[in-house]
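Note that the structure is a prediction, hence the values are computed from the model and not measured. Protein chains get the first letters and strands the later ones, always in sequence-line order, with residue 1 at the start of each.
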Amino acid sequence: MIRVQREDFDIGRELEALTRGKTGVGGVACFLGLVRDMAGDKAVGAMTLEHYPGMTERELARIEEEANRRWPLAASLIVHRYGRLERGERIVLVATASAHREAAFQACEFLVDYLKTKAPFWKQEETPDGPRWVDAESRDDEAATRWTTD
Amino acid sequence: MIRVQREDFDIGRELEALTRGKTGVGGVACFLGLVRDMAGDKAVGAMTLEHYPGMTERELARIEEEANRRWPLAASLIVHRYGRLERGERIVLVATASAHREAAFQACEFLVDYLKTKAPFWKQEETPDGPRWVDAESRDDEAATRWTTD
Amino acid sequence: MKLLYFAWLRTKIGIAEEVLEPPGGVTDVAGLVEWLKSRGPRFADALGNDKLVRVAVNQTYVDGRHPVKPGDEVALFPPVTGG
Amino acid sequence: MKLLYFAWLRTKIGIAEEVLEPPGGVTDVAGLVEWLKSRGPRFADALGNDKLVRVAVNQTYVDGRHPVKPGDEVALFPPVTGG
């Protein structure tokens, strides 16, 4: 399941809903992304996440389908927020449930790597020098390429 | 931080406590282990987790220290339950917080692999044929060996 | 054709969204970007570095050879930074 | 010396914990396990397969050559299955 929303989320409730009734699930891997206070050497006060409504959902759904094709998942979830977020706030939750932990961990990392390189979100940070668009990190692209098989 | 307890835990609260005030944290990787309903081909009703009080805490603390030596973690947490658990119930939570997700994911997998091969817990399942001690999976040992550098 | 600009492409160009029909000679994404750059210094500046421009046609990533036609939704944006 | 047995080692032997002093010839873990096996069929059965017996002395994993002495807490248990 994927969700793009302005509101915060409750991780406990999300994971409970994800695994409820799915008693074949032995392990859930998850990733929680938070607003960091340092970007490079600049202190960050808060940030605003812009996104491309419509395409964001399509990309996340496509990435999730791909993960489910590659690994035997009982359930998966991506919740990504947009709008203005203070430092320390939750940005994204990715969770994958499987009978065994290896599949859950791999699928979770795959989802995080891909959403960081493909999902149309952009961060603008509030710094002491004014707003600043975050540069894409080339190592995110590198992280995503490890999943390419050809 | 490590905790060995009979009571359930609230993942949202645990992760919030883990990252509170640590605004340099960009990513938290976590693993949630649940009681599966199938072990091999046997339906499992519930299970009882036996442990070795004292040594369990020592081993978990040792494993956690090792993870913190290997990766730049802002915080880490292992909560492991013991006693009788129904299927679907939470058994273990492992969480690692870091400025970057790669360290968080790797440390989390390391902790899970090691606690599955080193922490003195034993599962006894309730099956239709009576109680049955779970056999150790050799692939857990294999998973743990990938972290050995020599 | 509906054009959408995001993030610093949007702030550099100064427009979030516009509806227009490019000249008949514009048949693919590369041609569209070249034509947009000719529309003024803000466009030229924002779209000057090919490596930093991603294009989606009808909400799907495409490369420069992808055709564009009337009625398409074409989005231009920098490399993404979510997650 | 305090001896602890866990999981199916405990259920096979039928004791969770006992305090005793092995004979003077028992100086290391391997010797202790051999002597325990000689104490009866339940011990022999539970400890019969070396590969399935883990030993901790004073709550730290050790191998067969590790010394044992009066006052030690020695735990014997099968491979762990937590997590």
Side-chain angles (χ1 to χ4, degrees), chain A residues 8-16 18-40 43-46 74 86-102 104-106 108-110 112-113 115-116 137 139-140 142-143 146, chain B residues 8-16 18-40 43-46 74 86-102 104-106 108-110 112-113 115-116 137 139-140 142-143 146:
Chain A
D8 195 9
F9 48 81
D10 179 313
I11 301 163
R13 262 186 234 163
E14 297 291 350
L15 297 190
E16 195 140 348
L18 189 73
T19 56
R20 190 175 298 136
K22 301 199 180 69
T23 43
V25 171
V28 181
C30 74
F31 176 80
L32 173 67
L34 303 171
V35 180
R36 264 210 306 277
D37 69 344
M38 291 294 289
V44 174
E86 299 284 346
R87 61 181 159 187
E89 274 201 79
R90 284 174 278 270
I91 303 174
V92 61
L93 175 67
V94 175
T96 47
S98 184
H100 295 287
R101 73 184 183 281
E102 295 84 356
F105 267 121
Q106 285 181 30
C108 187
E109 283 200 76
F110 170 87
V112 176
D113 283 351
L115 82 83
K116 288 204 178 237
E137 294 196 42
R139 61 186 199 156
D140 281 336
E142 285 156 25
R146 67 182 151 145
Chain B
D8 195 9
F9 47 81
D10 179 314
I11 301 164
R13 260 185 237 164
E14 297 291 350
L15 297 190
E16 197 140 348
L18 189 71
T19 57
R20 188 175 298 137
K22 301 201 178 70
T23 44
V25 171
V28 181
C30 75
F31 176 79
L32 173 67
L34 303 171
V35 180
R36 266 210 305 279
D37 69 342
M38 291 292 291
V44 174
E86 299 284 344
R87 60 180 160 189
E89 273 201 79
R90 285 174 278 272
I91 303 174
V92 62
L93 175 67
V94 176
T96 49
S98 184
H100 295 287
R101 71 185 184 283
E102 295 83 356
F105 266 121
Q106 285 180 30
C108 188
E109 284 199 75
F110 170 87
V112 176
D113 283 351
L115 84 81
K116 287 203 179 238
E137 295 196 42
R139 61 185 199 158
D140 281 337
E142 285 156 24
R146 67 181 151 148

I'd like to know which of [options] tops the heavy-atom pair count under 4.5 Å against chain B.
| options | value |
| --- | --- |
| A:Cys30, A:Gly12, A:Gly27 | A:Cys30 |
| A:Val25, A:Val92, A:Asp10 | A:Val25 |
| A:Ala99, A:Gly33, A:Gly21, A:Ala95 | A:Ala99 |

| query | With sequence neighbours excluded, what pairs up with A:Glu137 under the side chain to side chain donor-acceptor pair (under 3.5 Å) test? | reply | A:Arg139
Side chain, backbone, both or neither of [X] within contact of chain A (heavy atoms, under 4.5 Å):
| X | value |
| --- | --- |
| B:Lys116 | side chain |
| B:Arg90 | side chain |
| B:Val94 | neither |
| B:Glu102 | side chain |

| Which of B:Val35, B:Val112, B:Thr19 touches chain A most, by non-hydrogen pairs under 4.5 Å | B:Val112
| query | If you tally heavy-atom pairs under 4.5 Å against chain A, which of B:Cys108, B:Ala29, B:Gly26, B:Gly88 wins? | reply |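 The option with the most such pairs is B:Gly26.
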| message | Tell me the closest heavy-atom pair linking A:Ala143 and B:Arg101, and the distance in Å. | response |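 Closest heavy-atom pair between A:Ala143 and B:Arg101: CB-NH2, 3.7 Å.
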| How are the rings of A:Phe105 and B:Phe31 set to each other: parallel, tilted or perpendicular (split at 30° and 60°)? | parallel
| query | Say you draw a straight line from NE2 of B:His100 to CZ of A:Arg36; how long is it, rounded to the nearest 0.5 Å? | reply | 4.5 Å
| request: Could you grab the distance from atom CG of B:Leu15 to atom CG of A:Leu93, nearest 0.5 Å is fine? | output: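 Nearest 0.5 Å value for the CG-CG distance: 9.0 Å.
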| query | Which bit of A:Glu16 comes within less than 4.5 Å of chain B, counting heavy atoms only: side chain, backbone, both or neither? | reply |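 The answer is the side chain of A:Glu16.
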